[in-house]
Amino acid sequence: MNKILKSKTEWREQLTPEAFSVCRMHGTEAPFSGEFYDYKGEGLYRCVCCNAPLFESDTKFDSGTGWPSYFESVEGAITEIKDNSLGMERVEVLCSTCDAHLGHLFPDGPEPTNLRYCINSVSLTFEEK
Ligand SMILES: [Zn+2]
């Protein structure tokens, strides 16, 4: 996979202020504020920064958290790293292609994976099937 690497200035020029803050500055959007937490379209969710495919709509579920949630990612699309900020032990998930911050991964999701990818809407775009 070819990495897409750009400077903060380049990303700032490309992205909306909200997407820049979440994806490049590790921010978190307010719950129930995003475009996709309650979205039920069929298709593919892609990285807002580099357009890499990240999640299929049939792995999305209603977690009740106010963020779009998935129990599985597209294979190889996601990089997991330990995040000990805010005094919590969490797993941060990044886009493997461009290192965009997407959200966090929790071990309390539904079958069959029991995983919950908790993702910021603003880090995603949607491609209808
Ligand atoms: Zn990306």
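Remember, it's 1-based here, ligands and their atoms both numbered in the order they're listed. Sequence positions, counted from 1, serve as the residue numbers for this chain.
Taken to the nearest 0.5 Å, the OG1 atom of T28 stands 8.0 Å off from the CG atom of L86.
Take F32 and apply the ring pair (Phe, Tyr, Trp, His ring centres under 6.0 Å) test, not counting sequence neighbours, and it matches Y37.
In this structure, N114 contributes its side chain and P107 its backbone to no donor-acceptor pair below 3.5 Å. No donor-acceptor pair under 3.5 Å is formed between the side chain of K60 and the backbone N or O of F55.
Cluster annotation: V48 and M25 are assigned to the same hydrophobic cluster (Ile/Leu/Val/Met/Phe/Trp/Tyr, side-chain heavy-atom contacts under 4.5 Å, transitive).
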Does the pair F106 and Y117 meet the rule for a ring-ring contact (aromatic ring centres under 6.0 Å, His included), with working shown? CA-CA 6 Å; F106 300 95; Y117 291 88; 10.0 Å; no
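Of all protein atoms, those of element N, O or S that lie under 2.8 Å from the Zn ion (ligand 1) number 4.
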